[in-house]
2 protein chains.
Amino acid sequence: MSNTEYELPNISVDVVPVTVNLDTNQLEVLVGRRIFEPYLGEYALPGVLLTPHERLVEAATRALETKTLVKADDIVAVYDLGTFDNPDRDPRGATVSIAKIAVIAPHAVVEDERVKRITLDAVANGDEQLPFDHNTIVQAAATLFGEKFLSSKTFTKSVLGEQFTTKIVRGLLTQMGRITTDSDHTYDASNLTRQLKGTGWVDVVDEADSYGTSSAVYATTSAAYDIASQISAALTTATSTGRGRPSRTWTWK
Amino acid sequence: MSNTEYELPNISVDVVPVTVNLDTNQLEVLVGRRIFEPYLGEYALPGVLLTPHERLVEAATRALETKTLVKADDIVAVYDLGTFDNPDRDPRGATVSIAKIAVIAPHAVVEDERVKRITLDAVANGDEQLPFDHNTIVQAAATLFGEKFLSSKTFTKSVLGEQFTTKIVRGLLTQMGRITTDSDHTYDASNLTRQLKGTGWVDVVDEADSYGTSSAVYATTSAAYDIASQISAALTTATSTGRGRPSRTWTWK
DNA sequence: TCAAAAGTGTTTCCTATACACCCATGT
DNA sequence: ACATGGGTGTATAGGAAACACTTTTGA
């Protein structure tokens, strides 16, 4: 029932679209150039006004599609991030924001002058200033990411996809400051493989083949989402472009 | 800016009012008897429709005051709980619920035929059935409680108040299933005192006096909220009504 | 003085971290 | 071959759980 008898509040659904950059092994946030006032032309988180009878994930999808050119199929997962109700957050007037974090499939990100990727760090450092209270929202996303990554299986799986390398995990942990780069350029991350095994969540892909022969061939997994094979291709590239020993590839049990 | 040009969604703010029962050492939820349809006469979580320009905590306060007779001063803290947007959650039509968990000062709870206290367990077990999707919301609250209790200092402090006994902590942990009662009726919670010390958050109140002389006199703490002294009185009662050795009282550093 | 409840001393186990070393690749 | 990045073996420290025992109360 849509109610016009009473005054109703404006509710926006704002999304933090996160995606793993497979070249840099960093977590990035997608922002779209605004085509309306206020902040016309600036990059901001995708967000839309919630309409009646619309579910939150639907609104989030609509925001991602219209503001950051992400196709619905490339949205891997959507999680709750919280609510933001500072009355000054929008110059147009009080609008309560329901924030979501959406994991976007890595290969699916459109590079365009309308859509930009920024690293989580850039926002955390304040190097990148976003309009509205979007810096606050991204920071909340970063916090949630730190809490869930490698502690919630479903969350981690949605971020890493069906297959992933140790290298990517290392990159993300380094980004989060959870792994320190030693004085002598040696990574102090020697236990990562052990930790991954310790979770009991994952299996090594093709242990025999991945050494000696070629790092290009990986086992085909039961793809939960058909993005997997494409990611796999990207992975192969990313993996083979190193100097030292190539890192392991993992699948989910 | 109140907007009547577009159709706007209905947003409700629903609150899970939790409070520590100092007699049973259990966490309880306050529910109020509904005075409107639907579910007239049934006990439900307090909730109101969000009005424009109203902040979420204000709406939560309004809900607590009107539906469960809690005075604003007795609301110790309000935390985010999440959003619930199942379209069937309200028979009147789609309403998105923004849920909050509110910690209510123990002494402040009004016992009335309009307001009832139920234990968290009763809801979790399904012994207590609430209207709408309130069982789901309470369960989310229980989960959040389990995550934050004894791991977030501010959260824990808001729940336990300025002063508290080991006994209460034990009660809550037992309720959550985090402490098991041994086969021989002996509590397997021998490390509780150690754990509390280990947090570094708290100090023992009046170690010397609390033995030998009388368990009635406690140090006056710098009361963050003036409820403290009243709680203290209640505590004294609760503490002195046991058989064995009285439990310690703690204050926050 | 006995039962009940709370707290302490101490052991044991497990896991996180660290350090030293070995393996697989590109140039 | 050697520098670079990745992984394993093994030692060590710290914290959680367990168990036996002591302390403080009410009846």
Side-chain angles (χ1 to χ4, degrees), chain A residues 24-25 150-151 164-174 177-200 202 204-217 235-250, chain B residues 24-25 150-151 164-174 177-200 202-216 235-250:
Chain A
T24 60
N25 300 312
L150 292 190
S151 74
F164 63 96
T165 58
T166 315
K167 189 174 191 176
I168 291 177
V169 177
R170 179 166 309 187
L172 295 177
L173 289 176
T174 308
R178 281 212 246 163
I179 283 181
T180 40
T181 346
D182 237 15
S183 43
D184 304 66
H185 290 284
T186 332
Y187 276 112
D188 186 12
S190 51
N191 303 304
L192 236 185
T193 307
R194 244 186 302 256
Q195 265 179 242
L196 284 172
K197 276 181 187 159
T199 61
V202 287
V204 179
V205 171
D206 222 345
E207 172 111 41
D209 268 352
S210 65
Y211 295 147
T213 54
S214 146
S215 58
V217 186
L235 273 183
T236 308
T237 319
T239 308
S240 57
T241 37
R243 298 212 171 245
R245 180 174 174 176
S247 63
R248 284 235 170 109
T249 305
W250 305 81
Chain B
T24 60
N25 301 312
L150 292 192
S151 73
F164 64 95
T165 58
T166 315
K167 189 175 190 175
I168 291 176
V169 177
R170 179 165 310 188
L172 294 178
L173 289 176
T174 308
R178 283 212 246 163
I179 284 181
T180 39
T181 344
D182 236 15
S183 44
D184 305 66
H185 290 285
T186 331
Y187 276 114
D188 185 13
S190 51
N191 302 305
L192 237 185
T193 308
R194 244 187 302 257
Q195 265 178 242
L196 283 172
K197 277 182 187 157
T199 61
V202 286
D203 277 323
V204 178
V205 171
D206 223 345
E207 171 111 43
D209 267 354
S210 65
Y211 295 148
T213 55
S214 144
S215 58
L235 273 183
T236 307
T237 319
T239 308
S240 58
T241 37
R243 300 219 166 238
R245 177 175 176 174
S247 65
R248 286 239 167 105
T249 306
W250 306 80

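Below, chains carry the letters A, B, ... as their sequence lines are ordered, and counting in each starts from 1.
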query: Does some side-chain heavy atom of R248(B) sit less than 4.5 Å from a side-chain heavy atom of T193(B)?
result: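 Counting from C-beta outward, T193(B) and R248(B) do come under 4.5 Å.
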field: Contact check, side chains of I179(B) and L192(B), non-hydrogen atoms, under 4.5 Å
entry: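 Yes. Closest side-chain heavy atoms under 4.5 Å.
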Separation of [X] atom [atom1] from [N] atom [atom2], in whole Å?
| X | N | atom1 | atom2 | result |
| --- | --- | --- | --- | --- |
| R178(A) | dA16(C) | CZ | C1' | 13 Å |
| L196(B) | dA6(C) | CG | P | 13 Å |
| Q195(B) | dA17(D) | CD | C1' | 9 Å |
| L150(A) | dA16(C) | CG | C1' | 14 Å |
| R248(A) | dC23(C) | CZ | C1' | 11 Å |
| I179(A) | dG6(D) | CD1 | P | 11 Å |
| K167(A) | dA24(C) | NZ | P | 18 Å |
| W250(B) | dA6(C) | CH2 | P | 13 Å |

What is the distance from atom [atom1] of [X] to atom [atom2] of [Y], rounded to the nearest 0.5 Å?
| X | Y | atom1 | atom2 | answer |
| --- | --- | --- | --- | --- |
| D203(B) | K197(B) | CG | NZ | 10.5 Å |
| L150(A) | Q195(A) | CG | CD | 7.0 Å |
| L172(B) | F164(B) | CG | CZ | 10.5 Å |

Filtered N/O pairs between nucleotides 10-13 of chain C and protein, under 3.5 Å:
residue	atom	partner	partner atom	Å
dT10(C)	O4	R194(B)	NH1	3.3

task: Identify, with sequence neighbours excluded, every residue that meets side-chain hydrogen bond (donor to acceptor under 3.5 Å, both in side chains) alongside T166(A).
output: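 For T166(A), the residues satisfying side-chain hydrogen bond (donor to acceptor under 3.5 Å, both in side chains) (neighbours in sequence not counted) are W250(A).
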Tell me which nucleotide among [options] gets nearest to the side chain of [X].
| X | options | value |
| --- | --- | --- |
| T193(A) | dA20(D), dG7(D), dA27(D) | dG7(D) |
| P246(B) | dG7(C), dA4(C), dT24(D) | dT24(D) |
| R245(B) | dG5(D), dT8(D), dT24(D) | dT24(D) |

So, is [X] close to the [N] phosphate, meaning a side-chain N or O under 4.0 Å from OP1 or OP2?
| X | N | value |
| --- | --- | --- |
| K197(B) | dT8(C) | yes |
| T166(B) | dG7(C) | yes |
| R170(B) | dA6(C) | yes |

- request: Sort out for me which residue in I168(B), T174(B), L173(B) forms a side-chain contact (heavy atoms from CB on, under 4.5 Å) with R170(B).
  value: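 The passing option is T174(B).
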